[in-house]
Amino acid sequence: MENELKDLWRLNTSEVEVSDKKIDEIISYKSTNIISRIIKTMKVEHYMNIIAFPIFFISLIYFSMLVEAILTVVVFVPFLWYYQTLLNKLNKAKIQLSVHDYLLACYENLQVFVAHYKIASVFLVAIAFFVTTRATWSESIDHKILNSEGEINISYLLSIAIGLAFSIGSMLMIIHLLYGRKMKILKSMIEELEN
Amino acid sequence: MKKVDFKSLLEENKNIITKICKAYSNDENEFKDYFQEVSLQIWRAYDSFKGESKISTWIYRITLNVCLSEIRKNSRRINTSSFKPDFDVAESYTDHNQEKIERLYIAIKALKKVDRAIILLYLEDKKYKEMAEILGINISNIGVKVNRIKQELKLKLNGK
């Protein structure tokens with residue numbers, strides 16, 4: 001039976017024609033590989049930061065905002081270094097690794113990518129919240145936080161906290177829905193290979 | 001790498017790529033996508049090939065890595081109907097053998113993705129050492145796994 005299967009498998013010689021046209025198509029094809037897509041996204045973000053940083057810095061210098069300019073350097077330089085480190089880490093998942101090592105590298109890359117977006121989304125929600133509350137801040141809100149007797153209105157603050165928690169929770173849920181299943185499948189394949 | 005060298009590399013190894021991609025595809029479009037992606041990854045990675053392993057080992061690794069890491073929404077769906085990739089394919093086996101091969105593919109596709117990789121290497125008549133090198137697992141694990149998957153494949157071929 002075993003040799004019969006191997007003999008049968010040897011007969012399985014359906015062939016794809018490799019023409020010059022096909023070669024050109026392959027070379028111009030955009031990769032759908034998960035690692036390639038993650039690296040592409042991170043590179044786009046990194047390049048955007050590289051462009052945004054000098055523009056922002058020069059604008060601050062132009063408007064003589066020296067303290068803000070120094071703060072920008074203090075924030076952006078580690079930020080750019082972080083992206084470069086992240087990209088170096090992601091690039092370690094070479095397609096020619098053994099199956100186990102490659103799947104493990106994919107899994108670890110996804111972990112890094114997901115952690116990156118979880119942190120970024122929490123920061124974005126927090127920043128968006130404070131920007132909008134500052135922009136719409138008025139006396140009426142002051143009155144909502146403090147009642148007529150000057151006491152803190154717990155229920156109003158609680159509703160703000162619930163709103164914030166809901167926004168952050170939704171962002172984390174979206175990230176989980178996008179990558180959670182992929183990570184679970186990768187992990188189970190790694191375990192199957194190891195056991 | 002020159003296009004002409006890439007073409008001959010692909011020509012020499014298209015059989016390996018086709019067989020593995022077909023074992024992981026549910027339809028013709030998926031097959032085309034896998035074949036394209038594997039070929040592209042070979043094109044991109046070739047300059048880093050140091051010759052430390054056989055070129056076929058290197059091709060098996062890339063092909064399996066692409067097929068296993070590509071996680072699609074419908075990856076759990078097993079298409080039990082046969083499909084013939086019309087990707088400029090010329091068939092060279094008889095209808096009778098083709099039927100048997102299609103049945104074998106159906107049984108292989110019913111296995112887990114990792115088990116599929118192991119049985120494909122077994123059917124390709126790879127030695128345990130090379131299988132361990134491709135899969136990156138201990139050689140002593142290979143024999144146990146192969147025996148278990150062979151039994152499972154036999155059951156599936158017998159319709160159990």
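Naming: A, B, ... by sequence-line order, numbering from 1 per chain. Basis for what follows: all heavy atoms, side chains included, without hydrogens, waters or symmetry-related copies.
- Put simply, B:Val144 and B:Leu120 are part of two different groups of oily side chains (I, L, V, M, F, W, Y) that touch within less than 4.5 Å, one to the next.
- Contacts between A:Ser28 and chain B at a heavy-atom distance below 4.5 Å are absent for every atom of the residue.
- For B:Asn141, the part sitting under 4.5 Å from any heavy atom of chain A is the side chain, from C-beta outward, and nothing else.
- For A:Thr41, the side chain to side chain contact (heavy atoms under 4.5 Å, CB included) partners are A:Glu45, A:Phe113, A:Tyr117, not counting sequence neighbours.
- Inter-residue side-chain proximity for A:Thr32 and B:Glu70 is flagged as met; some heavy-atom pair is nearer than 4.5 Å.
- A:Leu8 has its side chain out of reach of B:Leu123: every pair of non-hydrogen atoms, C-beta onward, lies at least 4.5 Å apart.
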Contacts table for residues 54-65 of chain A: side-chain donor-acceptor under 3.5 angstrom, sequence neighbours left out:
unit_1	atom_1	unit_2	atom_2	d
A:Ser59	OG	A:Ile55	O	2.6

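- Aromatic ring centroids of A:Tyr29 and B:Trp43 lie 6.0 Å or more apart.
- Both the backbone and the side chain of B:Leu135 come within contact range of chain A, judged by heavy atoms closer than 4.5 Å.
- In this structure, B:Leu40 CG and A:Asn33 CG are separated by 9.0 Å, a value rounded to the nearest 0.5 Å.
- Chain A forms more heavy-atom pairs under 4.5 Å with one residue of B:Val4, B:Ile42, B:Leu68 than with any other, namely B:Leu68.
- Cation-pi geometry between A:Lys6 and B:Tyr122 is met: under 6.0 angstrom from the ring centre, within 45 degrees of the axis.
- With chain A as partner, the option from B:Gln41, B:Lys7, B:Glu37 having the largest number of non-hydrogen pairs under 4.5 angstrom is B:Glu37.
- Using a 4.5 Å cut-off between heavy atoms, B:Glu133 contacts chain A through its backbone alone, with no side-chain atom that close.
- Only the backbone of A:Asn195 comes within less than 4.5 Å of a heavy atom in chain B; its side chain stays farther off.
- Residues B:Ile139 and B:Val114 are members of one and the same hydrophobic cluster, defined by side-chain heavy-atom contacts under 4.5 angstrom among Ile, Leu, Val, Met, Phe, Trp and Tyr.
- Although no hydrogens or angles enter the test, the distance criterion places a donor-acceptor pair under 3.5 Å between the side chain of B:Lys145 and the main chain of A:Glu192.
- In this structure, A:Glu25 CD and B:Gln36 CD are separated by 6.0 Å, a value rounded to the nearest 0.5 Å.
- A:Met171 and A:Ile162 are members of different hydrophobic clusters when ILVMFWY side chains are connected at heavy-atom separations under 4.5 Å.
- Note on A:Asp24, A:Ile27, A:Leu186: by heavy-atom pairs under 4.5 Å with chain B, the leading option is A:Ile27.
- B:Ile108 places a side-chain heavy atom less than 4.5 Å from the side chain of A:Trp9.
- The stretch residues 78-109 of chain A places A:Ile95, A:Gln96, A:Leu97, A:Ser98, A:Val99, A:His100, A:Tyr102, A:Leu103, A:Cys106 near chain B, each with some heavy atom under 4.5 Å from a heavy atom of that chain.
- With a threshold of 4.5 angstrom between heavy atoms, B:Ile16 does not approach chain A through any atom at all.
- Tracing side-chain contacts under 4.5 Å through hydrophobic residues (I, L, V, M, F, W, Y), one reaches A:Ile175 starting from A:Leu178; they form part of the same cluster.
- For the set B:Asn138, B:Thr57, B:Leu10, B:Ile59, the count of heavy-atom pairs under 4.5 angstrom toward chain A peaks at B:Leu10.
- For B:Arg44, the salt bridge (Lys or Arg N to Asp or Glu O under 4.0 Å) criterion is met by no residue, not counting sequence neighbours.
- The greatest number of non-hydrogen atom pairs below 4.5 Å with chain A, out of B:Leu64, B:Ile17, B:Asp115, B:Leu104, is found for B:Leu104.
- Atom-to-atom distance recorded for A:Lys22:NZ and B:Ser39:OG is 10.0 Å, nearest 0.5 angstrom.
- Grouping the Ile, Leu, Val, Met, Phe, Trp and Tyr side chains by contacts below 4.5 angstrom, directly or via other members, places A:Phe53 with A:Tyr47.
- Contact count versus chain A (heavy atoms, under 4.5 Å) is highest, among B:Lys3, B:Lys112, B:Lys19, for B:Lys19.
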